[in-house]
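Read the structure below first, then the notes.
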Amino acid sequence: MAMTQEFAILTDRLGNQFQMRPWHCPTCGEGPTKRVGLRGGRHQRDQNGVETAIVSCDQCGLLFPQPFPIPLDPQRLYGDPSEYFAMHDLDTKVAGYRKLVRELLARSGSKPCSLLDIGAGRGDLLYAARLEGCDDTVGLEFSHAMIQFAKKRFDIELLEKTAEALAEERPGSFDAVVLNAVIEHVHDPLSLMRSVAKLCRPRALIYIDVPREPHLLTVVANAWNKLRGRDAVLNLQPTWPPFHVYGFNPQALRALLSKTGFVVESIRIHASPHVEARPGFKGQLAAKLATQINHLANRVAFSSNMYVFARRR
């Protein structure tokens, strides 16, 4: 009789449980990795999440936790849109997405444009597309709470369906696909992007908004921790909001896109420099220093976010 492999299950201070599995780079496979440090639990300033190591792929530099935390109840992690998006003003997001939709329409060269939003969240982008006159839209979302919010707030019906499932039903259906704050969350980005390629029409456009890791602030903070004899790093938040399980750099993202049939047209690296201060003098000082580091990071294209346009081959 075949034996079932057992994996450790860890529980954070809020009761969220994660099955810890051995992992490898989804793009490069089971190649060597380099240990970066420890994250979560006692290695996070608020004791959030569970402890796991962060490693980088020797070939492409992708960051990921090792072992990899698989949530036993993922709905619980994304269960409250108001809490999850507490730092995101809805009207501001919609205004920004209207600009993005206009750029997607201009770049795609296809009117009318068939648009797919994967990981549609609250439905903000699809609502913005509607305001811009783009009615041929589909949104995918796994969170029940997000789906309900989109329906109640915008009267938008999001599909509770994976990209893999939709690709089997509607191959070659879309002129543009948006992955806004998505690929850093999914457990198998290679499978996701293969499905996106299948969903795209020839020469279709994709837009990816994804954090850049490492960035200048994490490099400085990790070096400071090392000088103090600490093994904690600031990369990723695999087991607490916003639940980033992969850290892409330009090389890692290009490798993933090339492997799945896309050619990168542009990568813009930029982020808001402001860091919210914690209470007290030390908190104020740390926030000012971090904000100055982020200003420098923007000037040298080593800041914490990437905005990417790519084209289906």
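Hydrogens, waters and symmetry mates are skipped; everything else that's a heavy atom, side chains included, is used.
- Note that OG of Ser108 is 11.0 Å distant from CD of Glu103, once rounded to the nearest 0.5 Å.
- The cationic atom of Arg130 (NZ for Lys, CZ for Arg) does not lie both less than 6.0 Å from the six-membered ring centre of Phe154 and within 45° of the ring axis.
- Of the charged side-chain nitrogens involved, none lies within less than 4.0 Å of a carboxylate oxygen, so that Asp89 and Lys93 do not count as a salt-bridged pair.
- Within the model, atoms CZ of Arg268 and CZ of Arg212 stand 14.5 Å from one another, a figure rounded to the nearest 0.5 Å.
- Here Tyr307 contributes atom OH and Ile269 contributes atom CD1; the two are 11.0 Å apart, rounded to the nearest 0.5 Å.
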With side chain to side chain contact (heavy atoms under 4.5 Å, CB included) as the criterion, how do Arg313 and Val263 come out once you've worked through the C-alpha distance, each side chain's angles and the decisive distance to 0.1 Å? CA-CA 7 Å; Arg313 290 196 191 101; Val263 177; 3.7 Å; yes
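- Atom CH2 in Trp240 sits 3.5 Å away from atom CZ in Arg39 (nearest 0.5 Å).
- Checked for salt-bridge contact, Glu141 and Arg122 miss the test: no charged N lies under 4.0 Å from a carboxylate O.
- Separating the CG atom in Leu77 from the CD atom in Gln75 is a distance of 9.0 Å, to the nearest 0.5 Å.
- Ring centroids of Tyr78 and Phe142 are separated by less than 6.0 Å, placing the two rings close together.
- Residues Asn235 and Asn222 have side chains that bring a donor and an acceptor to within less than 3.5 angstrom of each other.
- Between Asp231 and Arg35 a salt bridge is recorded (basic side-chain N to carboxylate O distance below 4.0 Å).
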Go through it in stages, so that I can follow the logic: the residues are Asp46 and Arg13, the test is salt bridge (charged side-chain N to carboxylate O under 4.0 Å, His left out), and I'd like the CA-CA distance, side-chain angles, deciding distance and then a yes or no. CA-CA 10 Å; Asp46 295 320; Arg13 63 185 180 85; over 6 Å; no
Evaluate the salt bridge (charged side-chain N to carboxylate O under 4.0 Å, His left out) criterion for residues Glu168 and Lys198: first the C-alpha distance (whole Å), next the side-chain angles of each, then the deciding distance (0.1 Å), finally the verdict. CA-CA 8 Å; Glu168 293 301 316; Lys198 189 173 181 179; 2.8 Å; yes
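- A ring-centre distance under 6.0 Å is found for Phe68 and Tyr246.
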